[in-house]
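Right, one structure below, let's go through it.
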Amino acid sequence: MQTISRETAIALLRQKLITETKPGQSTCQTVQERGVFCRGFSRYSNEDLRARFPYAGGRDPGVTRLELERRASYWQLRRQVESGSMTSCDAQWQRYETCRGWDDFTNEDLARFCMELLHCEVTVTGPRTLSVI
């Protein structure tokens with residue numbers, strides 16, 4: 001088993017997420033549809049999703065879950081553009097608005113994601129620091 005740094009694991013995962021994310025779709029939406037990584041919006045209950053995305057319609061009781069996810073995805077894309085980030089994880093790492101981006105994941109989580117997305121078994125080491133973007 002290969003040992004890689006946290007920064008290397010994030011860089012590899014970022015590249016895979018970028019290639020798998022369709023134009024006009026956020027990383028959160030991509031991982032939700034594929035059922036991998038953090039599971040995107042599906043990891044939140046309805047109440048949590050509304051609380052995390054109030055500016056995307058979460059305060060409106062008439063907004064359906066599907067519509068809220070669509071709006072939240074669009075909001076994430078705007079955040080990526082505004083921050084010059086390549087993925088939603090990068091954008092949220094910088095702001096900690098809806099999640100903590102890469103900081104939400106332990107080294108063990110990143111190793112598991114490498115297996116899920118890249119089909120490679122690795123050990124990830126290193127402290128949680130700014131990933132190389």
Side-chain angles (χ1 to χ4, degrees):
M1 183 182 321
Q2 184 180 10
T3 299
I4 61 175
S5 69
R6 182 174 178 86
E7 291 78 15
T8 298
I10 290 170
L12 292 169
L13 291 166
R14 179 185 295 116
Q15 275 309 117
K16 182 67 170 177
L17 292 171
I18 289 168
T19 61
E20 299 220 347
T21 300
K22 299 171 197 160
Q25 188 176 53
S26 71
T27 310
C28 300
Q29 192 175 5
T30 298
V31 298
Q32 175 175 318
E33 288 176 3
R34 293 207 44 222
V36 295
F37 205 58
C38 69
R39 311 300 186 265
F41 304 122
S42 64
R43 72 180 171 160
Y44 302 122
S45 68
N46 289 344
E47 295 77 26
D48 281 345
L49 187 65
R50 286 182 178 283
R52 288 176 187 275
F53 292 93
Y55 20 75
R59 292 186 184 122
D60 180 354
V63 171
T64 65
R65 168 90 188 204
L66 186 62
E67 177 63 15
L68 181 55
E69 288 176 5
R70 187 189 67 72
R71 291 180 186 183
S73 183
Y74 178 74
W75 181 86
Q76 287 284 29
L77 285 172
R78 281 196 340 253
R79 279 293 190 241
Q80 280 179 239
V81 170
E82 289 170 3
S83 66
S85 302
M86 293 187 255
T87 69
S88 300
C89 300
D90 296 319
Q92 290 309 312
W93 183 89
Q94 294 175 25
R95 296 180 183 219
Y96 276 21
E97 292 171 310
T98 59
C99 69
R100 298 177 334 167
W102 298 109
D103 280 351
D104 267 351
F105 311 122
T106 65
N107 290 344
E108 291 76 20
D109 291 333
L110 294 175
R112 189 176 75 251
F113 299 154
C114 284
M115 180 57 87
E116 279 182 349
L117 293 173
L118 307 171
H119 308 291
C120 64
E121 191 172 357
V122 296
T123 299
V124 177
T125 62
R128 290 181 183 172
T129 60
L130 175 61
S131 55
V132 179
I133 298 176

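Worth saying up front: this structure is predicted, and the values here are computed from it rather than measured.
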Hphob cluster co-occupancy, [X] + [Y], side-chain heavy atoms under 4.5 angstrom:
| X | Y | value |
| --- | --- | --- |
| M115 | I4 | no |
| L118 | V31 | yes |
| W102 | V36 | yes |

With a 4.5 Å limit on heavy-atom distance, are the side chains of [X] and [Y] in contact?
| X | Y | answer |
| --- | --- | --- |
| Q76 | Q92 | yes |
| L12 | T8 | yes |
| T21 | S26 | no |
| C99 | R43 | yes |
| L17 | L117 | yes |
| E82 | R79 | yes |
| F41 | T98 | no |

Would you confirm whether N107, through its side chain, and G126, through its main-chain N or O, come within 3.5 Å as a donor-acceptor pair?
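Between the backbone of G126 and the side chain of N107 there is a qualifying donor-acceptor contact (under 3.5 Å).
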To the nearest 0.5 Å, what is the distance between [atom1] on [X] and [atom2] on [Y]?
| X | Y | atom1 | atom2 | result |
| --- | --- | --- | --- | --- |
| S42 | R65 | OG | CZ | 7.5 Å |
| L49 | L68 | CG | CG | 4.0 Å |
| K16 | E116 | NZ | CD | 12.0 Å |
| F105 | R6 | CZ | CZ | 9.0 Å |
| L13 | T27 | CG | OG1 | 11.5 Å |
| R14 | M86 | CZ | CE | 5.0 Å |

Whether E108 and R112 form a salt bridge (side-chain N of Lys/Arg under 4.0 Å from carboxylate O of Asp/Glu) is what I want to check.
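Between E108 and R112 there is no salt bridge, as every charged N stays at least 4.0 Å from the carboxylate O atoms.
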Could you go through the side chain to side chain donor-acceptor pair (under 3.5 Å) check for S88 and Q80 one step at a time?
CA-CA 6 Å; S88 300; Q80 280 179 239; 3.1 Å; yes
Minimum heavy-atom separation for [X] to [Y], with atom names?
| X | Y | value |
| --- | --- | --- |
| P54 | A51 | CD-O, 3.2 Å |
| F53 | A72 | CD2-CB, 3.5 Å |
| V124 | A9 | CG2-CB, 3.9 Å |
| C89 | F37 | SG-CE2, 3.6 Å |
| R50 | G57 | NH1-O, 3.9 Å |
| G62 | D60 | N-OD1, 2.9 Å |

Could you walk me through whether Q25 and T30 pass the side chain to side chain donor-acceptor pair (under 3.5 Å) test, one step at a time?
CA-CA 7 Å; Q25 188 176 53; T30 298; 2.9 Å; yes
So does E121 have more than 12 non-hydrogen atoms from other groups sitting under 6.0 Å from CD?
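Atom CD in E121 is not packed in, count stays at 12 or less.
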